[in-house]
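The model shown is predicted, which means the values in this text are computed figures rather than measured ones.
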Amino acid sequence: MENRAKHLVFLGCGLLCAAALALGVASAPSAAEGPQDSQPAQAVGASAASAPNFPVASGARLAGDDKQTRFILDLDRKIEFRAFPLADPYRVVVDIPQVNFQLAAGTGSAARGLVKAFRYGLVMPGGSRIVFDMTGPVKIANSYVLDAANGQPPRLVLDFEQVDRTSFVQSLAPESRPELKPSISEATTATIPAVTTAALPPVATTDSRPLIVIDPGHGGIDNGTQSGDQTEKNLVLGFGLALRDRIEKSGKYRVVMTRSDDTFIPLNDRVKIARSQSAALFVSIHADALPRREGDAQGATIYTVSDKASDAEAERLAEAENKADAIAGVNLTDEPTEVADILIDLAQRETKTFSNRFARLLMDEMKSTVRMHKHPLKSAGFRVLKAPDVPSVLVEIGYVSNKGDLEHLVSENWRNKAVGSMVQAIDTFFSKRLATAGPAK
């Protein structure tokens, strides 16, 4: 408990530091004259964090070629921002206050010049982010906000220029330089500050009810899979909230959500929420999609963690889900691992046993109410399932790429049935576990 208390203190300090960094203000050129100097990252305007309504972004576009490319974001007021590049893969990240993005569907999906694509969304309470996927190494030649003028709205403008790899690496912050840290595929921990939900206080010891953490996947800037106007992040959030309400209604358990709104939560923070709350069960909710070239698939699938994937599809999914932090433009670095002693090993073995047991119970309950995948139980190396002391499963409730599954995912009637079967599996799991543990001494 002492270690967990210290951990929460560190999380709180991280939040304060992040807030201080986000509010740094630098000078900017006038609207009439435009930028005078090359400034790779600067902040302008008054803080919008305390405003009663959020700034609105009404349009975004790219211009230029593969030597120089400009990004323009139309706003209803001036905002602060911070722009910086990241390596491997090449990206540019722009952090801004929380913004109401009212952009046309498909904005950011088309390539232009040095930009392969860009995405945007909430990355933490009070903060939004724009992430550009670049074709190669670039520098931020200019970055500024223009005042409204001549009938045109305020605008955030960034100019990207092509550079060589050496110049690009030298422009990075020391902790972000590739030679000083592993590549994204090898890294394990995000340096983005923990959001508010990750700093939840330890649960009260007077309440002996088991605590269940529900983890709706993706969120904020990370949409997950998508079909038409339906995004995975919204589908699984709706499902997670319905599951929370049904569990709480029973009065048998306490429930914590990793997110209860459209906020991005780094993968490791999701695990930390479960561990800091001494959770008895962690359930991550997702909705998969298959690329067209890989055919069609349907039905719900339940995953547990494993060093070796059960099949190629499980491996593909784990790789995709484990890239969530990179999608959000998080800078990944090393973090000390758990102490690898015999006690940790025993805890992991016991946790894996309980995880597999719950997965089987959940499959048995769900198959009587919802359509299941032809191979409903699988395993792979999901980062979000790697808490050594919390039984954890990841449930893909269906495929948004399958027409029949998508009809179910947006159906309240189907959701109620699926949620009911999950709650029944939870009841069975804990009744058997408590019976095995015997009376408290």
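Here CZ of Arg244 is found 5.5 Å from CE of Met257. Values are rounded to the nearest 0.5 Å. Here CG of Leu394 is found 13.5 Å from CZ of Arg383. Values are rounded to the nearest 0.5 Å. The CG atom of Leu158 sits 5.0 Å away from atom CG of Leu156, with the distance rounded to the nearest 0.5 Å. With rounding to the nearest 0.5 Å, the separation of CZ in Arg254 from CZ in Arg209 is 6.5 Å.
Checked against side-chain hydrogen bond (donor to acceptor under 3.5 Å, both in side chains), Arg155 has the following partners two or more places apart in sequence or in another chain: Asp74, Gln152.
Closest heavy-atom contact between Met363 and Pro376: SD-CG, 3.5 Å. Pairing each heavy atom of Glu365 with each of Thr428, the nearest pair is OE2-OG1, 4.4 Å. Scanning both residues, Phe132 and Val115, for their nearest heavy atoms gives CD2-CG1, 4.1 Å. For Lys67 against Leu114, the heavy-atom pair with the smallest separation is O-CD1, 3.6 Å. Pairing each heavy atom of Leu406 with each of Ser227, the nearest pair is CD2-OG, 3.5 Å. Nearest approach of Ser392 to Val390, heavy atoms of both residues: OG-O, 2.7 Å.
Between the side chain of Thr69 and the backbone N or O of Phe160, no donor-acceptor pair lies under 3.5 Å. Looking at Asp159, its side chain never comes within 3.5 Å of a backbone N or O of Asn142 through a donor-acceptor pair. No donor-acceptor distance shorter than 3.5 angstrom exists from the side chain of Asp405 to the backbone of Val400, with no hydrogens or angles considered. Glu232 places no side-chain N or O within 3.5 Å of a backbone atom of Gln226 that could act as its donor or acceptor partner. Side-chain atoms of Asn223 never come within 3.5 Å of backbone atoms of Thr231 as a donor-acceptor pair (strictly under, hydrogens ignored). Side-chain atoms of Ser128 come within 3.5 Å of backbone N or O of Val99 as a donor-acceptor pair. Between the Arg246 side chain and the Asn416 main chain, a donor and an acceptor come within less than 3.5 Å of each other. Under the 3.5 Å distance criterion, the side-chain polar atoms of Asp325 are matched with a main-chain donor or acceptor of Leu267. Remark: side-chain polar atoms of Asp262 are paired, donor with acceptor, to backbone N or O of Gly220 under 3.5 angstrom.
Few gaps surround CG on Asp164; more than 12 heavy atoms of other groups in view lie less than 6.0 Å from it.
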* Asked: salt bridge (Lys or Arg N to Asp or Glu O under 4.0 Å) between Arg119 and Asp133: does it pass, once the steps are laid out?
  -> CA-CA 9 Å; Arg119 51 194 171 272; Asp133 296 319; 2.5 Å; yes

In sequence, state the C-alpha distance, the side-chain angles, and the governing distance for Phe282 and Val384, and then conclude on side chain to side chain contact (heavy atoms under 4.5 Å, CB included).
-> CA-CA 9 Å; Phe282 179 92; Val384 79; 3.8 Å; yes

(request) List the steps and the verdict of side chain to side chain contact (heavy atoms under 4.5 Å, CB included) for Leu241 and Ser260. (result) CA-CA 7 Å; Leu241 292 172; Ser260 56; 4.2 Å; yes

- Stepwise side chain to side chain contact (heavy atoms under 4.5 Å, CB included) check, Phe118 with Thr107: CA-CA 8 Å; Phe118 66 89; Thr107 297; 3.8 Å; yes

Inset, instruction - Please report the C-alpha distance between Leu409 and Gln230 in whole Å, then the side-chain angles of each, then the deciding distance to 0.1 Å, and finally whether the side chain to side chain contact (heavy atoms under 4.5 Å, CB included) criterion is met. - result: CA-CA 10 Å; Leu409 293 172; Gln230 297 293 337; over 6 Å; no

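Between Phe239 and Met422 there is a side-chain heavy-atom pair separated by less than 4.5 Å. When side chains are defined from C-beta on, Thr353 counts as touching Arg357, because their heavy atoms get closer than 4.5 Å. Residues Ser421 and Lys367 fail the side-chain proximity criterion, which asks for heavy atoms closer than 4.5 Å. Inter-residue side-chain proximity for Arg129 and Val93 is flagged as met; some heavy-atom pair is nearer than 4.5 Å. Considering only heavy atoms from C-beta on, Glu396 comes within 4.5 Å of Glu321 through its side chain. Between Val138 and Tyr90 there is no side-chain heavy-atom pair separated by less than 4.5 Å.
One finds no salt bridge joining Asp269 and Arg259 here, because no Lys/Arg side-chain nitrogen approaches an Asp/Glu carboxylate oxygen to under 4.0 Å. A salt bridge links Arg165 with Asp88; the closest basic N to acidic carboxylate O contact falls under 4.0 Å. Using a 4.0 Å cut-off between charged nitrogen and carboxylate oxygen, Asp222 and Lys233 do not count as a salt-bridge pair.
In this structure, Phe430 and Tyr253 have tilted ring planes: the angle between them lies in the 30° to 60° band.
There is a side-chain donor-acceptor pair under 3.5 Å between Asn356 and Thr304. Ser411 and Asn413 share no side-chain donor-acceptor pair at under 3.5 Å.
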